[in-house]
Amino acid sequence: MQVIKYVFQPHGDARGQLVALEEFKDIPFRIKRVYYMYDTADGVTRGYHAHKSLQQILVCIHGSCKIRLDNGKEKKVIPLEKPYEGLYISYAMWREMFDFSIDAVLMVLASELYDESDYIRNYDEFLEYIKDSGDNTAADGDKNDESTFC
Ligand code: T46
């Protein structure tokens, strides 16, 4: 499974750091929605779903958390702990977010507006979906385990 991490350019000076994210420049899609989660209770795992067409970039802008990605063939856990790093998640990828630090703020940049019909919330349906669609976008890239874009 190919894991795509973006390392954003911080604009640092004596005052501190600033990261700016622009669609099609720093982010590979039009940003139609931004949401974030915080105050996540200890021991909670969120997610447990895939999307049919949504692409997203997850940035843990404060604290830390872990993301489990599962393409139906392989699972990977990716720690997010730097406010200048973004994890790309394609459609047809099962995701779980867990191990949130008490101060974690996980921001998500999304390619589409919120649409419940885009969710696959049952794992067996997800496996059927990727088999039926014949789409191995999320499952390919076995040659490169991790790609980083700056
Ligand atoms: C994803 C992961 C990374 C809205 O009304 N609008 C929104 O844009 C979103 C994202 C959620 N909601 C509502 C729907 C639920 O009543 O907020 C509630 C919590 O959503 P959900 O249980 O889907 O949250 P997570 O953390 O399991 O998943 C979210 C995203 O939904 C999902 O697309 O990829 O974060």
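Atoms considered below: every heavy atom in the structure, side chains included; atoms not considered: hydrogens, waters and symmetry mates. We count ligands from 1, going down the list as the structure has it; atoms in each ligand are counted the same way.
- When non-hydrogen atoms are compared, ligand 1 lies under 4.0 Å from neither the backbone nor the side chain of Y48.
- Between Y123 and W94, the ring planes lie perpendicular to each other; the angle is over 60°, past the 30° to 60° tilted range.
- Ligand-side atoms of ligand 1 in range of G47: 25 (P), 27 (O), range being under 4.0 angstrom from any heavy atom.
- Given atom 31 (O) of ligand 1, the protein heavy atom at minimum distance is Y119 OH, 2.5 Å.
- Close approach of ligand 1 to H49 is summarised as follows: ligand atoms under 4.0 Å from at least one heavy atom of the residue are 1 (C), 2 (C), 27 (O), 28 (O), 32 (C), 33 (O), 34 (O).
- In this structure, OG in S64 is found 10.5 Å from CG in L106, a value given to the nearest 0.5 Å.
- For the pair L87/L69, a side-chain contact is recorded, criterion being any heavy-atom separation below 4.5 Å from C-beta on.
- Interface of M37 with ligand 1, defined as ligand atoms under 4.0 Å from a residue heavy atom, comprises 26 (O), 35 (O).
- Atom OH of Y36 sits in a sparse spot, with 12 or fewer heavy atoms from other residues, nucleotides or ligands closer than 6.0 Å.
- The number of heavy-atom neighbours closer than 6.0 Å to CG of L113, taken from other residues, nucleotides and ligands shown, is above 12.
- In the vicinity of R33, heavy-atom distances shorter than 4.0 Å reach the ligand 1 atoms 7 (C), 8 (O), 9 (C), 10 (C).
- Between L109 atom CG and L21 atom CG the span is 6.0 Å, to the nearest 0.5 Å.
- Distances from atom 16 (O) of ligand 1 to the protein include no heavy-atom value under 4.0 Å.
- A distance of 5.0 Å separates CZ of R95 from CD1 of I89, quoted to the nearest 0.5 Å.
- Nearest to atom 11 (C) of ligand 1 among the protein's heavy atoms is Y114 CE1, 3.8 Å.
- Ring geometry, F29 versus Y88: the interplanar angle falls from 30° to 60°, so the pair is classed tilted.
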Which donor-acceptor pairs under 3.5 Å do side chains of residues 38-54 form with protein atoms, sequence neighbours excluded?
unit_1, atom_1, unit_2, atom_2, d
H49, ND1, G47, O, 3.0
H51, ND1, D118, OD2, 2.9
K52, NZ, S117, O, 3.1
S53, OG, D118, OD1, 2.8

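- Only the side chain of R121 comes within contact range of ligand 1, with a heavy atom under 4.0 Å; no backbone atom does.
- Scanning the protein for heavy atoms near atom 33 (O) of ligand 1, the closest one is H51 NE2, 2.6 Å.
- Each of the atoms 1 (C), 34 (O) of ligand 1 lies under 4.0 Å from some heavy atom of R95.
- Among all protein heavy atoms, the one lying closest to atom 19 (C) of ligand 1 is R46 NH2, 3.8 Å.
- Looking only at protein heavy atoms, the nearest one to atom 30 (C) of ligand 1 is Y35 OH, 3.1 Å.
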